Every structure is written in structure tokens, then in C-alpha cells.
Amino acid sequence: MSGNRSIKRVGLLTSGGDAPGMNAAIRAVTRAAIYHGIEVKAIYKGYLGIIEGLFKSFRTEDVSNIIQRGGTILKTARCDEFRTEEGRKKAYANLREQGIDALVVIGGDGSLAGARALAQEYNYPIVGVPATIDNDLQGTDLTIGYTTALNTIVEAVDKIRDTASSHNRLFFVEVMGREAGFLALNGAIAGGCEAAIIPEMHHTTGHIEESISSGFRKTKSSSIVLVTESNEEGGGAMAAAAKVQERFPDYDVRVTILGHIQRGGSPCATDRIMASRMGVAAIEALLEDQRNVMIGYDHDEIVYVPFVKAIKDHKPIHEKLLEIVNILSI
């Protein structure tokens with residue numbers, strides 16, 4: 001491929017919450033860069049690693065046998081210092097000292113916000129690869145890790161359904177997604193759940209109470225409601241279950257919090273393929289002199305999404321999906 005040959009060395013990091021498929025993206029970026037004659041400097045512990053100088057030259061063998069592994073071999077860490085102008089100044093100086101001409105950042109909205117700030121302040125080429133189980137970035141149909149996390153939720157719901165049916169119980173199952181309800185909503189559809197309580201919609205607990213009052217459980221041996229975790233103390237599934245239990249004290253109400261099991265595990269085929277395509281596309285974007293963009297996935301096509309669009313607002317929920325949950329819960 002012809003293009004920007006001024007990029008001879010690229011930096012690579014993962015940042016934010018880990019997501020299944022990050023390692024597949026690391027592998028793809030590394031091997032695509034090497035294929036195009038570009039050196040790779042892996043950076044450990046995200047933005048903290050840039051500031052602390054945690055660099056390592058990667059060769060193709062460094063990313064062998066990782067496509068099937070969950071988590072991230074590059075690790076990830078919070079870095080409050082990078083949020084400051086002084087911290088980013090130090091990070092930029094270290095990148096230049098290492099001879100790194102461009103950066104590929106694999107992560108979610110917070111990670112891309114950091115990338116955007118660094119790119120704007122120093123006119124520095126950065127390309128983002130969306131990796132978050134929340135699937136909340138604009139401009140891409142899917143983010144790396146979302147499909148695997150969704151499959152994990154469905155597997156857990158299937159198992160909970162077995163014990164719920166045996167005891168005629170009402171389960172509230174808490175899933176991740178403090179500010180985005182994609183996991184809960186699509187998990188509810190795939191798991192045959194009765195409802196989903198998500199941050200984008202209000203008064204859904206009242207809807208559940210109304211459904212119970214109308215006797216929807218008379219024909220069911222079990223009921224499961226998916227609830228997104230809450231930013232507020234005392235929120236989430238525990239709060240929703242307490243409200244229902246208070247109004248219907250005769251019901252056998254239980255709560256299961258899935259927690260970080262949703263982040264782990266071997267990535268599914270969809271996440272491996274998407275991560276591989278996006279990783280290759282990240283290097284090709286830099287060769288095309290693209291900067292300050294995220295690699296997106298739109299109707300099976302790779303697209304370039306400006307950082308400002310990707311992180312401006314959370315991706316909206318399709319209200320039709322809520323209607324589908326209601327229709328199928330009768």
C-alpha cells in the first residue's frame with residue numbers, strides 16, 4: 001500500500017476496562033504494522049505506561065497464541081496524571097523520545113477522550129480501536145468485547161432460569177452498563193427475560209410491578225428481569241428487587257449480580273474477527289494519513305469515525321427493542 005511513509009514506528013496501548021478481544025486487536029495491529037514495514041512499540045499499563053516509560057519493542061512472535069485469550073497482555077491502569085495538561089506534555093515528550101511517530105489506542109470512550117486531547121494538543125497522529133463491553137460508542141455498530149459479554153450473560157441467564165423454574169422464583173439479574181443498557185436489553189431478548197431495567201428508560205420498575213399485578217406470573221414457572229448496575233449507592237438489581245418485594249411480600253424474589261465474569265473469558269468468533277479487521281484497519285488508516293479517528297464497523301464495512309463524534313454522546317437505544325421485550329413477555 002502506498003501512503004504516509006513518514007510513520008516508521010507506531011505505539012500501541014490498551015486502556016480503560018478490559019474487554020474480550022483486546023488481545024486479538026493487539027495481534028492484528030502488531031502484525032499489520034510489521035507487514036507494512038513499521039516498527040511496533042508496545043506500551044504497558046495504558047497512558048500510565050507512556051508517562052512511566054513502559055515501552056517494549058514487539059515482534060510478530062510477541063503476539064503469537066494470544067488471539068484466544070481474554071483480558072489484555074498489555075495490561076491497563078487508571079492514570080489521573082494523564083488527565084492534566086502537564087501529564088500529557090510528559091507523555092508526548094516520552095513518545096517523541098522513543099521515536100514513536102503515531103499511536104494506536106484500544107479502549108472505550110474514556111480512552112478515546114484521552115487520545116483526542118493528546119492528538120489535538122500536539123497535532124499527533126492517533127487512531128482508536130473501540131473495545132468496550134458496553135457497546136456505547138457512536139459511529140460503530142459493535143465494539144470489541146460486547147458480543148462475548150452478551151453471550152456470557154445469556155449463558156448465565158439460562159442457568160439461572162433452571163433454578164428459578166424449580167422454585168417458582170422471580171430473579172433480578174444485574175449486568176454491567178452503568179450508562180448504557182445494550183447488554184441488559186439485548187440480554188433480556190436473547191435470554192427470554194420478562195423485562196429489562198436500563199438507564200435510558202425511566203419508571204421501568206413501575207412497569208414490572210404493574211405486570212405482576214396483572215398476573216403475568218400465573219402462566220409462568222419463573223420470571224427473570226435484567227437490570228443494569230447503578231452509579232448510585234443502593235441502586236441496581238438490589239434496589240429494584242427491594243421495591244418489588246416490598247409491594248409483593250409473598251413473592252420469592254432473588255438477586256444475582258454477575259459482576260466481572262462478564263469481562264472475562266475467551267472472545268467469541270465475532271469479536272476475534274472484528275478485532276482483527278479493526279486492528280489491520282488502524283494501521284491502514286495511519287498509512288492513509290488519517291488521524292484523530294476511531295475505526296468503526298458499519299453494516300459489515302470498516303469506517304473512520306472522528307473522535308469528536310465517537311465520544312460526543314452515548315449511542316441511543318433502539319426503542320423497538322424495548323417494545324419487543326414487552327411483546328414477548330406475555
Side-chain angles (χ1 to χ4, degrees), residues 17-20 70 132-136 145-265 317 321-322 324-326 328-330:
D18 61 292
T132 166
I133 66 171
D134 292 338
N135 196 38
D136 58 350
Y146 168 70
T147 304
T148 300
L150 185 59
N151 288 341
T152 298
I153 290 169
V154 173
E155 290 173 9
V157 167
D158 288 347
K159 293 176 181 179
I160 290 169
R161 177 81 66 185
D162 290 341
T163 186
S165 299
S166 298
H167 296 276
N168 197 27
R169 286 172 174 160
L170 170 58
F171 266 86
F172 286 84
V173 180
E174 184 173 294
V175 302
M176 287 183 166
R178 278 190 180 87
E179 298 175 354
F182 293 98
L183 285 173
L185 187 53
N186 286 305
I189 293 173
C193 299
E194 279 60 48
I197 300 177
I198 60 176
E200 292 87 347
M201 304 299 292
H202 303 290
H203 310 303
T204 42
T205 304
H207 168 73
I208 293 167
E209 293 175 357
E210 181 182 340
S211 298
I212 293 174
S213 298
S214 65
F216 80 89
R217 295 198 66 221
K218 291 179 180 178
T219 59
K220 297 175 180 287
S221 60
S222 65
S223 296
I224 297 177
V225 176
L226 292 194
V227 187
T228 57
E229 60 187 346
S230 174
N231 283 316
E232 301 176 6
E233 186 176 352
M238 294 296 290
K243 289 180 182 177
V244 171
Q245 185 74 82
E246 182 179 2
R247 184 169 176 190
F248 302 95
D250 294 336
Y251 274 61
D252 190 359
V253 179
R254 300 299 173 95
V255 174
T256 297
I257 299 174
L258 296 186
H260 285 79
I261 189 175
Q262 296 159 86
R263 288 198 185 280
I317 285 285
L321 295 178
L322 281 166
I324 289 173
V325 173
N326 293 335
L328 299 181
S329 67
I330 62 172

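Heavy-atom basis, side chains included; hydrogens, waters and symmetry copies ignored. Model, not experiment: these values are computed from the prediction.
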Qualifying residues under side chain to side chain contact (heavy atoms under 4.5 Å, CB included), relative to Leu150, sequence neighbours excluded: Tyr146, Leu183, Asn186
Straight-line distance of Lys159 NZ to Glu155 CD, nearest 0.5 Å: 6.5 Å
Shortest non-hydrogen contact from Ala188 toward Ala195: CB-O, 4.0 Å
4.5 Å side-chain heavy-atom contact, Thr163 and Phe171: yes
Within-4.5 Å side-chain heavy-atom neighbours: Leu322 and Ile198: yes
Ala237: partners by side chain to side chain contact (heavy atoms under 4.5 Å, CB included), with sequence neighbours left out: Phe172, Glu174, Val227, Val255
Set of side chain to side chain donor-acceptor pair (under 3.5 Å) partners for Thr148, sequence neighbours left out: Asp271
Atom of Gln262, atom of Ala149 and distance for their closest heavy-atom approach: O-CB, 3.4 Å
Nearest non-hydrogen partners of Ala190 and Val154, listed with the distance: CB-CG2, 3.6 Å
Glu200 CD to Thr228 OG1 distance, which is reported to the nearest 0.5 Å: 7.5 Å
Nearest atoms (heavy-atom pairs only) where Cys193 meets Leu226: SG-CG, 3.9 Å
Interatomic distance, Thr256 atom OG1 to Ile160 atom CD1 [nearest 0.5 angstrom]: 4.0 Å
Heavy-atom side-chain contact between Ile133 and Pro20 under 4.5 Å: yes
Donor-acceptor contact present, side-chain Glu246 to main-chain Pro249, <3.5 Å: no
Nearest heavy-atom neighbours spanning Gly236 and Ser230: N-CB, 3.3 Å
CD-CD distance between Glu229 and Glu179, expressed to the nearest 0.5 angstrom: 10.0 Å
Atom pair CD (Glu194) and CG (Asn326), whose distance is rounded to the nearest 0.5 Å: 11.0 Å
Contact check, side chains of Phe182 and Ile317, non-hydrogen atoms, under 4.5 Å: yes
Shortest non-hydrogen contact between Ala196 and Val325, atoms and distance: N-CG1, 4.3 Å
Pairwise distance CD1(Ile189) to CG(Leu321) - rounded to 0.5 angstrom: 4.5 Å
